[in-house]
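Values below: all heavy atoms of this structure, side chains included; hydrogens, waters and symmetry mates excluded.
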Amino acid sequence: MKIAILGTGYVGLSTGVCLGVIGHDVTCIDINEQKIKQLNRGISPIYEPELEKLLTENIDAGRLHFTTAHQKAIAESEVIIVAVGTPQGDDGAADLTYLHQAAKDIAANIKENTIVVIKSTVPIGTNDSIKALIEDLCGFPIKLVSNPEFLRQGSAIYDTLHAERIVIGSDQQDASEKICKMYEPFNVPIMITSIRSAEMIKYAANAFLATKISYINEMANLCEMVGANVEEVAMGMGKDHRIGSAFLQAGIGYGGSCFPKDVKALVHTAGKYGFDIPLLKETMKVNENQRVRLLKKALHRFRDVNGRKIVILGLAFKPETDDMREAPSITIAEGLIKLGAEVVAYDPVAADNARKIIGDKIKYAESIDEAVTGADAVMIVTEWKVFKELELKEMVTKMKHPIIFDGRNCYLEEKVRACKNIEYYPIGKPPIIQ
Ligand code: UGA
């Protein structure tokens with residue numbers, strides 16, 4: 001099938017590459033010429049495992065093209081996938097500027113019988129209004145499908161190729177059938193729903209997962225008080241298949257470009273109908289409090305961190321990505337600076353992006369060794385594999401004080417206990433001091 005994709009962010013690129021893998025002829029469109037030039041050379045603007053390898057393979061096989069010339073690509077495609085960003089607006093609602101621009105570009109070039117697939121996360125009701133807008137501008141009825149995305153950053157390619165479900169929301173049978181066919185080679189479960197249900201599934205799923213995280217974080221905080229271990233608690237809970245073990249990892253809160261924005265947008269949508277969702281408001285509040293958990297632990301331990309060298313290991317909002325959007329590390333770094341600490345951070349890939357947000361108020365080390373040497377304490381903020389595999393015994397010898405605040409519970413008790421001289425403060429588990 002000949003497919004055009006508008007938007008070359010995580011969703012657009014991963015979808016484009018994976019549709020190429022299953023043999024479709026895909027053209028990805030973006031307005032940024034520099035980005036398109038790089039993509040045509042197989043260079044990805046984002047860090048995502050497997051992405052560059054598949055980019056090159058599909059470009060070389062002639063199944064993947066990148067262009068700024070949206071007119072031609074739209075006019076020549078049977079399916080147009082919209083994967084532009086819908087960032088958070090000032091009022092908590094999704095900002096639809098890019099989506100409206102995409103709709104105008106499509107309307108100006110679309111041929112009859114082409115199917116428009118909206119992948120961008122959009123407030124409930126938006127697909128209908130985008131369909132009406134395009135039809136209004138192009139002057140003939142179009143076919144539109146809502147097809148929300150469930151991939152995670154850091155495993156975007158894997159999640160696209162091995163999706164647990166593909167949701168196709170449409171009230172036009174021929175359109176949903178064609179999109180089913182497009183996805184068929186992925187060989188994953190496909191469900192067809194109404195447009196509104198498809199839109200709602202995306203928000204309801206993300207808000208549920210965010211709530212699950214806030215729930216386990218609150219349990220972790222209580223575990224610390226009653227002397228229980230949140231990992232054992234989560235495992236015991238997760239064995240009940242009605243609960244499930246995924247997304248019960250306690251830590252310092254959820255971040256990224258999706259959960260924070262989508263929970264807020266859902267609350268905002270409800271508000272438009274005069275409906276309040278206190279549960280989701282609490283989910284957000286708990287998440288904000290959780291982000292300062294390590295700061296509170298440090299203050300409890302030191303009383304005052306003024307002048308102390310505190311090291312942040314991990315800046316990205318989660319491992320295997322360089323994305324800094326809503327990363328807990330931002331709140332932690334800024335909190336430490338406010339308290340007068342000398343902050344040094346290390347991240348395997350996110351330092352450049354972090355610098356754009358946090359600036360030069362903190363130092364960015366080139367290696368873990370450089371960061372931790374002479375440190376009063378280390379805070380583990382992102383659970384990168386390199387941090388999990390650290391030789392703690394060796395690391396603490398380089399520090400001024402062998403104090404670790406682990407915001408992601410990276411280590412087994414035996415590994416920590418193997419250090420003869422350590423103070424280890426995890427989340428939701430008893431500290432180890434020896
Ligand atoms: C999330 C959803 O998982 C995807 O299904 C969805 O498609 C995507 O949003 C989106 O809407 O586009 P993503 O934000 O990439 O994906 O990352 P997740 O792996 O879900 O992690 C989000 C945050 O939750 C991270 O900060 C992570 O550290 C945190 N988290 C996750 C926890 O604190 N505990 C957990 O048990 C799981």
| task | May I ask you to say whether Lys131 pairs ionically with Asp128, meaning some side-chain N is under 4.0 Å from a carboxylate O? | result | no
| request: Indicate yes or no: does Arg291 engage Glu326 in a salt bridge with an N to O separation below 4.0 Å. | output: yes
| task | Report yes or no: does Lys309 contribute a side-chain atom to a donor-acceptor pair with the main-chain N or O of Thr373 at less than 3.5 Å? | result | yes
| Ser197 side chain vs Thr193 backbone, donor-acceptor pair below 3.5 Å | no
| message | Regarding Glu334 and Lys361, does a basic nitrogen lie under 4.0 Å from an acidic carboxylate oxygen? | response | yes
| task | May I have the step-by-step check of side-chain contact (heavy atoms from CB on, under 4.5 Å) for Cys223 and Asn229, ending in yes or no? | result | CA-CA 6 Å; Cys223 280; Asn229 177 329; over 6 Å; no
| task | State, to 0.1 Å, how close Leu315 and Ala351 come at their nearest heavy-atom pair, and which atoms those are. | result | CD1-CA, 4.2 Å
| remark: For Ala316 and Ala327, the nearest pair of non-hydrogen atoms, with its separation, is C-CB, 4.2 Å
| message | For the CD1 atom of Ile5 and the CD1 atom of Ile29, what is their distance to the nearest 0.5 Å? | response | 9.0 Å
| message | So, taking the atom named NZ in Lys415 and the one named NZ in Lys393, what distance separates them when rounded to the nearest 0.5 Å? | response | 10.0 Å
| request: Taking atom types as modelled, find out whether His65 and Asp25 have a side-chain donor-acceptor pair closer than 3.5 angstrom. | output: yes
| Do any N or O atoms from the side chain of Lys297 and from the backbone of Pro426 form a donor-acceptor pair under 3.5 angstrom? | yes
| query | Between the side chains of Gln290 and Asn221, is a donor N or O closer than 3.5 angstrom to an acceptor N or O? | reply | yes
| Taking Asn40 for the side chain and Phe66 for the main chain, is one N or O donor matched with an acceptor at less than 3.5 Å? | yes
| field | Under 3.5 Å donor-acceptor, His24 side chain and Ile3 backbone | value | no
| said: Under 6.0 Å from the ring centre and within 45 degrees of the ring axis: does the NZ or CZ of Arg165 meet both conditions for the six-membered ring of Phe150? | reply: yes
| message | Any side-chain to backbone donor/acceptor pair from Asp159 onto Arg152? Under 3.5 Å, distance only. | response | yes
| query | Can you tell me if Thr321 uses its side chain to pair, donor with acceptor, with the backbone of Lys318 under 3.5 Å? | reply | no
| Side-chain donor or acceptor of Asp95 paired with backbone N/O of Gln88 under 3.5 Å | no
| task | Could you check whether the rings of Trp384 and Tyr47 sit parallel, tilted or perpendicular, using 30° and 60° as the cut-offs? | result | tilted
| message | With a 6.0 Å cut-off (strictly less than), is the heavy-atom count around OH of Tyr98, excluding the residue itself, greater than 12? | response | no
| query | Does NZ or CZ of Arg355 fall inside the cone over Tyr364's six-membered ring, less than 6.0 Å from its centre and within 45° of the axis? | reply | yes
| note | Looking only at heavy atoms, the pair that brings Leu133 and Ala103 closest together is CD2-CB, 3.7 Å
| Is a side-chain donor-acceptor pair under 3.5 Å present for Thr283 with Tyr215? | no
| query | Between Pro123 and Glu199, what is the shortest heavy-atom contact and its length? | reply | O-OE2, 3.8 Å
| task | Apply side-chain contact (heavy atoms from CB on, under 4.5 Å) to the pair Phe405 and Ile380, showing each step before the final yes or no. | result | CA-CA 6 Å; Phe405 300 98; Ile380 311 229; over 6 Å; no
| message | We want to know whether Thr15 and Lys119 form a side-chain donor-acceptor pair, criterion being a heavy-atom distance below 3.5 angstrom. | response | no
| request: Determine whether more than 12 heavy atoms belonging to other residues, nucleotides or ligands lie under 6.0 Å from atom OH of Tyr158. | output: no
| query | Within the side chain of Ser44, is there an N or O that forms a donor-acceptor pair under 3.5 Å with the backbone of Ile46? | reply | yes
| request: Quick one: do Val145 and Val116 satisfy side-chain contact (heavy atoms from CB on, under 4.5 Å)? Show the steps, please. | output: CA-CA 6 Å; Val145 163; Val116 177; over 6 Å; no
| Full working for side-chain contact (heavy atoms from CB on, under 4.5 Å) between Lys398 and Asp369 | CA-CA 8 Å; Lys398 296 180 184 131; Asp369 261 15; 3.0 Å; yes
